[in-house]
Amino acid sequence: MHLQAAAVIVDVPARQTDRPFTYLINENLKDSVLPGMRVVVPFGRADRLIQGFVVQVFSPKTVPAKLKAIYAVQDIEPVLNNEMLELAQWLATRTFSFQIACFQAMLPNALRGKTKKQLVVTIPDQLAPEIVEFMAGKPAKIIDTKQLSPELLKKIHQEKSAGKIEIRYLVQATAKPRQEKIIIGQLTRTQALTKKQQQRSNAVQRQRLLAFLAEHYHQAISKSSLEKKLNLSAATLNRAADQGWLRMQERPLQRRAYDLDQITSTQPKKLSVQQATVYKQVAMAVESQAATTFLLEGVTGSGKTEVYLQLIAAALRQQRSALLLVPEISLTPQMVAQVVGRFGKQVALLHSGLSAGERLDEWRRIENDQAKVVVGARSAIFAPIKNLGIIIIDEEHESSYQQDNMPRYHARDVALWRSKFHHCPVVLGSATPALESRARAQKKVYHWLRLTQRINTKPLPEVSLIDMRHAAKVSRDSDFSPQLIAAIKQKLQQKEQIILLLNRRGYASFVMCRDCGFVLKCPNCDITLTLHKDQQVMKCHYCGHEEAIPHICPECGGQKIRYYGTGTQKVQEKLTKYFPTSRILRMDVDTTRKKGAHEKILAAFGAHQADILLGTQMIAKGLDYPDVTLVGVLNADTSLSLPDFRASEQTFQLLTQVSGRAGRAQKEGKVIIQTFNPQHYALQLAKKQDYERFYAFEMQLRHQGGYPPYYFTIQVAASAVVEKVALKALLQVAAELKTVLSPGAKILGPVPQMILKIKKRYRYQLIIKYKHEEQLNRYLQTLLERSQRQTDLQLDIVREPHNFI
DNA sequence: GCACATGCGTAT
DNA sequence: TACGCATGTGCC
């Protein structure tokens with residue numbers, strides 16, 4: 001007779017609850033609770049039921065009196081295997097995140113237990129009339145306290161303390177796979193044909209059905225698709241079932257993330273000499289199960305994708321699986337078709353376009369080994385794939401691989417961890433690697449591989465920089481230079497396609513009074529409100545605050561309050577004026593908000609239903625349209641002038657990438673970049689597509705400035721409603737750090753953050769720059785533990801922050 | 001994150 | 001002196 005207990009991480013994302021809680025395993029659940037399973041446990045004074053993850057099962061020697069018991073187990077098999085449990089723990093410490101946040105990041109959303117509250121009437125006598133009305137005669141009702149009026153909430157409180165009503169807690173059951181009805185033919189061919197003869201001539205539905213059954217003896221067919229195909233009524237099928245012609249059953253519906261019938265299979269292409277060299281080196285690591293990291297630096301059009309596909313094939317040949325990560329934005333139908341075309345139904349696809357159910361289905365296919373190749377965006381790095389033979393991260397420099405809320409992980413770091421766990425290589429591919437990665441290749445931490453030749457040996461497109469300081473004076477238009485107008489005109493005449501990029505990074509359209517200079521700001525946050533012309537409102541991008549567009553300046557009463565800056569809409573209006581007959585497609589956050597809108601726009605452009613594709617950053621990646629012969633960048637500088645040490649790097653990457661979109665096929669491409677800083681090295685080198693020189697130059701600057709990759713960085717951010725609280729806390733942290741850190745390390749700040757106030761809280765930060773610090777991690781962990789004791793203060797630690805400001 | 005306890009301010 | 005509300009505290 002030995003007791004069982006479980007250590008459970010509960011779904012309460014708070015610093016104070018970020019540790020295992022012990023629960024008793026009752027006799028009826030004995031031996032059916034395992035680490036990695038989801039459970040429902042009572043928590044807090046009111047014993048509200050919440051979801052938790054079992055991290056350990058053990059036999060306690062003594063039982064503390066106040067131990068509570070697990071209420072229910074949600075899984076038959078663990079949803080997190082040992083690898084994931086270990087990874088979550090590492091991730092939590094590495095990124096200073098809650099463990100529960102790590103678990104949830106690893107699982108499809110459908111597995112997340114949604115807790116609900118239920119209002120139950122226990123004594124109906126003399127109940128407050130408001131509550132009687134609210135319950136509408138029912139004994140129990142699900143409530144959402146956030147949606148109820150404060151008055152009703154007060155009444156509920158009163159009646160609860162009077163003991164007349166009760167609040168119960170529910171945890172939603174595990175998402176079940178959707179079922180579909182199927183029919184199975186029970187008639188042999190001859191039986192069916194005989195029966196068909198016997199039917200009245202006007203019984204057309206039955207005739208059609210029997211003809212079909214004659215050809216499908218004992219085969220399972222989805223009921224709904226059969227109804228559609230033969231145009232049958234449900235009654236006909238039910239009748240047929242009654243007569244024993246067919247049997248009806250249910251089976252779990254396999255929702256698929258892609259349609260295999262729509263994709264043509266492809267064969268491996270012959271590799272060029274360079275490609276083959278790269279392939280051989282990585283394939284060798286796959287075979288020898290070496291956890292080597294390769295940096296594959298390949299110019300646009302050098303055939304990286306084909307190398308990836310053949311490496312995946314090499315892993316499969318070794319009876320191992322493969323994981324391919326691509327930026328969400330380039331997870332286009334084109335891209336999917338390439339991988340699925342090569343590996344068929346072994347491919348599982350994970351991206352944001354899937355519904356929660358589809359995502360869960362794909363996840364299950366991976367978990368039970370039906371899928372051996374996983375393709376997906378950032379979070380796919382947590383796919384529960386076993387026996388990994390290779391991990392590939394395409395466009396490894398993309399900032400979308402970094403999640404910017406908890407857990408703030410970088411997919412690259414997780415990939416390296418899993419590579420060590422599975423003893424398999426990682427390939428980081430890019431035309432413009434992140435400086436950090438390129439520097440690691442330099443130091444031989446990564447194995448450096450290069451593809452310098454374009455696969456069709458075509459020259460790179462001709463790139464010209466247009467000096468807008470001059471052009472704007474001539475044409476009095478700061479969006480379109482005469483050169484760009486002329487080029488567009490020419491391409492339109494030749495019936496070729498054009499991509500125009502409006503660089504929106506570091507850029508906003510705001511409202512300013514031209515008399516007094518007043519700028520409209522958010523009342524909660526210290527930030528300029530952004531104009532949303534289509535919805536006719538001013539919006540705060542941080543807290544969502546909205547207000548009307550002012551027509552009279554609130555400061556001086558003047559009427560000259562106008563918006564500043566260029567949006568895609570404004571550019572589109574101008575384009576229509578210049579080229580009234582041209583067909584323009586616009587792609588930005590506004591036009592792609594709806595699910596699938598993204599794909600639709602790209603498909604329409606691909607089908608030549610438009611001449612010009614105008615868009616923001618999102619059009620720069622992975623698009624491959626043979627008829628695009630002109631790429632125009634309207635404003636290269638906005639991202640350059642950001643007060644961010646990565647501004648040049650990001651601008652260089654963007655320009656290099658977008659230039660690669662021109663002239664992918666036979667026709668020659670042309671790129672026009674408009675800028676106010678034509679001599680800037682990032683622009684000059686992007687023009688020449690010279691990554692290596694950019695790398696050398698930028699590294700020098702980073703060295704002088706003491707920036708990454710020469711230093712590691714950690715940001716400690718503090719926020720509080722009372723400004724002094726935040727500042728004081730960081731001053732103390734800075735003082736303590738001085739005793740913890742070695743003399744080589746530097747502390748910057750504390751300083752106010754660029755946006756000092758967000759959601760009524762003041763924000764300060766300090767940055768630690770260091771090379772090797774043994775004590776730092778431990779200090780920061782204890783700092784977080786300590787800070788929870790201080791009310792109002794919120795501390796947040798970010799490793800390698802992307803913004804210093 | 002949430003329920004309940006605590007402590008202060010205001011109406012009575 | 002009672003109640004209302006904001007702020008604080010601990011969760012197994």
Let me know the distance between CD of Gln788(A) and C1' of dG1(B), rounded to the nearest Å. 14 Å
Considering every strand and a 4.0 Å limit on heavy-atom distances, what is the contact class for Tyr23(A): base, sugar-phosphate, or nothing? sugar-phosphate
Think Arg19(A) forms a cation-pi with Phe21(A), using NZ or CZ under 6.0 Å from the six-ring centre and within 45 degrees of its axis? yes
Round to the nearest Å and state the distance from Lys116(A) atom NZ to dC2(B) atom P. 14 Å
Separation of dA3(B) C1' from Leu49(A) CG (nearest whole Å): 14 Å
For the pair made of CD1 in Ile143(A) and C1' in dA3(B), what is the distance, rounded to whole Å? 13 Å
Would you say Asp31(A) and Gln4(A) are linked by a side-chain donor-acceptor pair, where the criterion is simply a distance under 3.5 Å? yes
Are Glu736(A) and Gln732(A) close enough that a side-chain donor and a side-chain acceptor fall under 3.5 Å? yes
How would you label the contact of Pro13(A) with the nucleic acid (heavy atoms, under 4.0 Å): base, sugar-phosphate, or nothing? sugar-phosphate
Nearest whole Å is fine: how far is dG1(B) C1' from Met406(A) CE? 14 Å
I need the CZ-P distance between Arg15(A) and dG8(C), as an integer number of Å. 20 Å
Would you say a side-chain N or O of Tyr169(A) is under 4.0 Å from OP1 or OP2 of dC2(B)? no
Check every strand shown and say whether Phe98(A) touches a base, only sugar-phosphate, or nothing at a heavy-atom separation below 4.0 Å. nothing
Rounded interatomic separation in angstrom, taking CG from Asp47(A) and C1' from dC4(B): 13 Å
Under 3.5 Å, is there an N or O donor on one side and an acceptor on the other linking the side chain of Arg48(A) and the base of dG1(B)? yes
If you assign each of Leu67(A) and Asp792(A) to its closest nucleotide in DNA chain C, which residue comes earlier from the 5' end? Asp792(A)
Would you say Lys160(A) reaches dA3(B)'s phosphate, i.e. side-chain N/O to OP1/OP2 under 4.0 Å? no
With sugar-phosphate meaning primed atoms plus P, OP1 and OP2, does Arg19(A) contact a base, only sugar-phosphate, or nothing at under 4.0 Å between heavy atoms? base
What's the CD1-C1' distance between Ile156(A) and dC4(B), to the nearest Å? 17 Å
Only one of Ile100(A), Val8(A), Asp11(A), Val10(A) forms a side chain to side chain contact (heavy atoms under 4.5 Å, CB included) with Phe53(A), so which one is it? Ile100(A)
Short N-O contact, Lys386(A) and Glu83(A), less than 4.0 angstrom: no
